[in-house]
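Below, each value reflects all heavy atoms present in this structure, side chains not excepted, and no hydrogens, waters or symmetry copies.
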Amino acid sequence: EKVIRMKEEAKFRALIENSSESTIIVNEDTSVKYVSPSIKKILGYNQEEFLEASIFTHFPQEEISERMKVLKKVLKSSNKEAITDECKIRTKAGEYIWVSAILSDQRKTDGIEGVVINFRDIDDRKKIEREIQTNEMRFKALTHEGTDLLSVINVNGEYTFVSGNHKRIIGYDSKHLIGKRPVDFVHPEDAFLVMQHLEKLKKKKRTKPSPFRFKDAKGKYHWVESIFTNMSDDNLIAGVVINSRDVSEMVEKTNELELSNERYYYASKAAEDHIYEWHLETDEITRIGDSMRMLFGYTNQEAESGDFW
């Protein structure tokens, strides 16, 4: 029986020493009464080192008052329920790591007579959470302050996400757009183009339609250039991502240039005068009508050389 008991004690000791959690028992005066051997694995201290001071000497100075509140809450709890806390604690190397702790009042339990704190290292989890939070803040800043409009539509063609800058650029907030179809805001003459490209995403990962008109909150149409990307197989997105930017000024300038060229073409065809454009700085003929051929017999290539003077 003694041998069996010794084996059981050895097994229990091995479990305690190699546990991913550590146990601390704290007296009412905050001194550490007991610490399990696994403290070495988590914080780097041996048991004797950790027993030398108050539990609060291991917390950051600015967090001691908060940790005291948690301990007092445990001591004053009438139902003696365990309390969970997440906090930073100092390692033997002087660094602070995040731990998750469960505190329970066992002052009336024979052989314990103190507050039991079971804790485990969650520093890696906290680092990931901070990284996620930083990325989310960066993403929100980019989508809110950027000039590109970002949205996601589901299989029904309805908005499931719109970036915050929609309000600033086209006057719609996310609440107004979520659940609606972007095609309903597209100019009737351009709606078929948009639907065609959305249909293409059944076979293609990405498609880019020519600029189309999109109505803002005041009823004015803006020319937008968009890229549609099918990310339906991504569990986090589960839809089509639409990146758009307002290109109204560019389209209007292009249209003006095309109209100007058209007018020039017909004017040069109809006029009997010699019409051409001459770049004074480079001494080059940049554009010439048919009048050189019709009036003087030069080909366009000969006329562009400028040798007719």
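- How far OG1 of T84 is from CG of L103: 8.5 Å, rounded to the nearest 0.5 Å.
- Salt bridge status for K127 with D123: present, with a side-chain N to carboxylate O gap under 4.0 Å.
- Between F185 and Y172, the ring centre distance stays below 6.0 Å.
- Taking the centre of each ring, F214 and H187 stay at or above the 6.0 Å mark.
- Linking Ile, Leu, Val, Met, Phe, Trp and Tyr residues whenever their side-chain heavy atoms come within less than 4.5 Å leaves L43 and I122 in two separate clusters.
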| query | Between E113 and K108, is a side-chain contact (heavy atoms from CB on, under 4.5 Å) present by the stated rule, with each step listed? | reply | CA-CA 6 Å; E113 292 95 19; K108 294 182 179 180; over 6 Å; no
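- In K205, the NZ atom is crowded: over 12 heavy atoms of neighbouring residues, nucleotides or ligands sit closer than 6.0 Å.
- Between V116 and T23, the closest side-chain pair of non-hydrogen atoms falls below 4.5 Å.
- M250 CE: more than 12 foreign heavy atoms inside a 6.0 Å radius.
- Residues I39 and I97 share a single hydrophobic cluster, defined by chaining ILVMFWY side chains whose heavy atoms lie under 4.5 Å apart.
- Panel note: side chain N230, backbone V240; no donor-acceptor pair is recorded below 3.5 Å.
- With hydrogens and angles ignored, the 3.5 Å screen pairs no side-chain donor or acceptor of N154 with any backbone N or O of A238.
- In the hydrophobic clustering of this structure, L201 groups with Y159; members are Ile, Leu, Val, Met, Phe, Trp, Tyr whose side-chain heavy atoms approach within less than 4.5 Å, directly or through other members.
- Using a 4.5 Å cut-off on side-chain heavy atoms (C-beta onward), V152 and I242 make no contact.
- If you take CG on L177 and CG on L149, they are separated by 10.0 Å, rounding to the nearest 0.5 Å.
- For the residue pair H166/D173, the side-chain donor-acceptor check at 3.5 Å is not satisfied.
- Salt bridge annotation for D105-R107: present, with a cationic side-chain nitrogen under 4.0 angstrom from a carboxylate oxygen.
- No option in K73, K69, R67 other than R67 meets the salt bridge (charged side-chain N to carboxylate O under 4.0 Å, His left out) test with D85.
- With a 4.5 Å cut-off on side-chain heavy atoms, L75 and V115 count as touching.
- Annotation: side chain of F212 is not in contact with side chain of H222 (no heavy-atom distance under 4.5 Å).
- A donor-acceptor pair under 3.5 Å links the side-chain atoms of E49 to the main chain of N46, judged by distance alone.
- T30 places no side-chain N or O within 3.5 Å of a backbone atom of S54 that could act as its donor or acceptor partner.
- For the atom pair CZ of F119 and OG of S36, the computed distance is 7.0 Å after rounding to the nearest 0.5 Å.
- In this structure R245 satisfies the salt bridge (charged side-chain N to carboxylate O under 4.0 Å, His left out) test together with E225, sequence neighbours excluded.
- Annotation: side chain of P60 is not in contact with side chain of R90 (no heavy-atom distance under 4.5 Å).
- Put simply, the side chain of F59 does not reach to within 4.5 Å of the side chain of M68, judged on heavy atoms.
- Formation of a donor-acceptor pair under 3.5 Å by the S77 side chain with backbone atoms of V74 is not found in this model.
- There is a path of hydrophobic side-chain contacts, each under 4.5 Å, that joins F56 to V99.
- How far OH of Y221 is from CD1 of I170: 12.5 Å, rounded to the nearest 0.5 Å.
- If you chain together hydrophobic residues whose side chains sit under 4.5 Å apart, I169 and L150 never meet in one group.
- A heavy-atom distance below 4.5 Å is found between the side chains of R213 and E189.
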| message | Apply side-chain contact (heavy atoms from CB on, under 4.5 Å) to residues Y45 and H58 and explain how you reach the verdict. | response | CA-CA 11 Å; Y45 298 99; H58 299 285; 3.7 Å; yes
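- Between H197 and F228, the angle of the ring planes goes over 60°, which puts this pair in the perpendicular group of the 30/60° scheme.
- A salt bridge is defined here as a Lys NZ or Arg NE, NH1 or NH2 lying under 4.0 Å from an Asp or Glu carboxylate O, and E158 with K180 fails to meet this definition.
- Atom-to-atom distance recorded for I227:CD1 and K208:NZ is 5.0 Å, nearest 0.5 angstrom.
- Other residues, nucleotides and ligands contribute over 12 non-hydrogen atoms within 6.0 Å of the CD atom of E62.
- Taking CD1 from I89 and OG from S22, the interatomic distance works out to 9.0 Å, rounded to the nearest 0.5 Å.
- Between K126 and E86 a salt bridge is recorded (basic side-chain N to carboxylate O distance below 4.0 Å).
- For D184, the CG atom sits in a packed shell: over 12 heavy atoms of surrounding residues, nucleotides or ligands are nearer than 6.0 Å.
- Ionic pairing of K253 and E249 is not present here: no N-O contact between side-chain nitrogen and carboxylate oxygen is shorter than 4.0 angstrom.
- For the pair S244 (side chain) and S226 (backbone), a donor-acceptor distance under 3.5 Å is absent.
- For the pair I102/I117, no side-chain contact is recorded, criterion being any heavy-atom separation below 4.5 Å from C-beta on.
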| task | Dump the intermediate steps for side-chain contact (heavy atoms from CB on, under 4.5 Å) on L198 and I153, then the final yes or no. | result | CA-CA 10 Å; L198 289 174; I153 60 174; 4.0 Å; yes
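- With hydrogens and angles left out, the side-chain atoms of R120 and S100 include no donor and acceptor closer than 3.5 Å.
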